[in-house]
Structure formats: C-alpha cells, structure tokens
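Order of appearance sets the numbers: ligands from 1, and atoms from 1 within every ligand. Given the structure is predicted, the values throughout are model-derived calculations rather than measurements. Heavy atoms only: backbone and side chains are in, while hydrogens, waters and symmetry mates are out.
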Amino acid sequence: MDRSQKIFAELSEDFTKLQTVDLETLPKLSWEDIKLAHDLDFISRLFDQDLAVLEVQHCYEVTQKDLISGINQKPLWKMPEDVLFQCRGTYMAALSALKNESSFFLGGGMHHAMRFAGRGFCLLNDIVIAARKLQLDHGIKRCLIIDVDAHKGDGTTQITQHDDSIFTLSLHMKNAWPIDGSLGPGPWDLPSDLDIEFGIGEESLYLEKLTAALAQVDIAGFGFAFIVLGADAWEHDELKSTQSLKLNSDQMLARDQLIESTLAQFKIKRTYVMGGGYGERAHEPYVNFLKSLLN
Ligand SMILES: [Zn+2]
C-alpha cells in the first residue's frame, strides 16, 4: 500500500462517507496543456519510446536493470502517461477548490520538474500546469505557491522565474540534495520569490519563520494558492537527504494548520498536494492534518 492508500484507509475508519474518484472522471489534459510548464523539446522526447526511457531513468534515478520489470511492473516508456494522471488529479482538485474553496489531492506536488526536464522523482510539474490552466481558463490572476516540502521547490521556481503572476514561497533545508553538493551550480539555484532556509538544528525556528513569511506575502492579493505539503520535513522521514530537517509531529501539524488558517482567514481558494514523504510512516503527518480539517 502506498501512502495515499494508507491515508484514505485511515480516514475512512473515522469518516465513512469518503469515496474515491473514478480515474476516468479526471479532467483531460492535453500535451498542449503540458506546454504551459514545459518545453516542446522535452515533451517530444517523452513521446519517443527510446528517449522517454532515458528521461524516466534520469528523473527517477533508476538503472538499466529496472527496465526489465519497470516501475509498478510497467515498461519505463509508459511512465509519462501515469505522471500525466497525477497532473490531472492536481488540476481536478484545483477545479474542486474553485467551487468549494479548499481541496486536498492525495498525490501531486512534483516540484522538482523543470521546464526542460524531469528530475528528483518529478517528471512533470503538476503545480505550474494547474496554476496556469486556472489562469488561462478560469480567470485567476495571481497564484501563490507555498512549498513546505523539506526540499526547495526548485523546478517550480525555475519554470515561473519570469512570471510575476505566480509567487513562489519555499521553506526548505539549507543543504539537502544531493547531500555531497556534487550537482554544482545550476538552474536549481535560482531564487524563489521568497526562500526561507533552515540549517541543521533550526527546527525550533520553523513556525516563527513560517509565520513571518506568510505575513510578508500579501495573501489577500492572490486568487488561488497551491500548497506543496511535503511530509519529508518530519523527523521520521526515511529519505537520507531529508535528515537535516526534523520537525516533530506537533510542529508538522502546527505548520499545516498555520498555513490553512492563514489562507482560510482571507478566503483564498486553495489546493493541497502531497510532495515528498518517504518510508513506512510517511502517511502519518497527512492523516493528522486531514483529521483536524475534517473533524
Ligand atoms: Zn522533498
């Protein structure tokens, strides 16, 4: 069971009316829509079976042997289609938030995907695609992206670098990925509109800095917000590269509730997406927050 299924199963115990959505009912996204966030060159590589395999290998850091069974028992060249489903889910959640003010998608948050390629387990940037679809088709003017995943939302930042209609706020570990710094300088260093970094041992400053960041952003001026609610900032996350930020369960819940109460105060329409979160217990912070919302 992956973390989304675990979240749904746990919530269903308390909230018996919860239902899953039939995947067929997800709004369609064309590859034209994907162009809202990605280069034509990159998109065309995803259409070519051989080149798509290379793109997927690079993005998911898998080796040749994974080609035999593939991820989820599928050949790697089929991955882009699966990832497109994630993008459709994020967009569906956003459409739901237009009607209901708020929504939470048990998926999405592929914030490392850059305009020119996927990377860091993120092939396509569902957040920017959905934000720009809302702007194009639903009259949303300014979008706010609050990214509290342990890693910097560098793909989102790179894609929206010259776009004043999308504001990126990212709270993340100062030194994270790759841990040895071997990547060198690159587009991942581009600044978000507001970056808040945390060094080792600075967890106790997290809520204070988040509060200050939210106060610094003119929340009322946005028509929509996406929140990349990465659970990998949690102390029990199992990914090696998240070990320099270890918020405890209370801090995680306070983080999520602070974002929610701030956006709700200004009635900002908003969609939460999951972002990163790794290991057996990765579902737990989401369950805690969602239970607090649903109760
Ligand atoms: Zn992450």
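At a cut-off of 2.8 Å, H151 coordinates the Zn ion (ligand 1) through an N, O or S atom.
Put simply, the side chain of Y286 gets close to the backbone of M274: a donor and an acceptor are under 3.5 Å apart. The closest donor-acceptor contact from the side chain of T262 to the backbone of L258 lies under 3.5 Å.
Nearest N/O/S atom of D232 relative to the Zn ion (ligand 1): this is OD2. Of all the N, O or S atoms in D149, the one closest to the Zn ion (ligand 1) is OD1.
Electrostatic pairing of R270 and E260 counts as a salt bridge here, judged by a charged N lying under 4.0 Å from a carboxylate O.
Shown here is K209, whose NZ atom has more than 12 heavy atoms of other residues, nucleotides or ligands within 6.0 Å.
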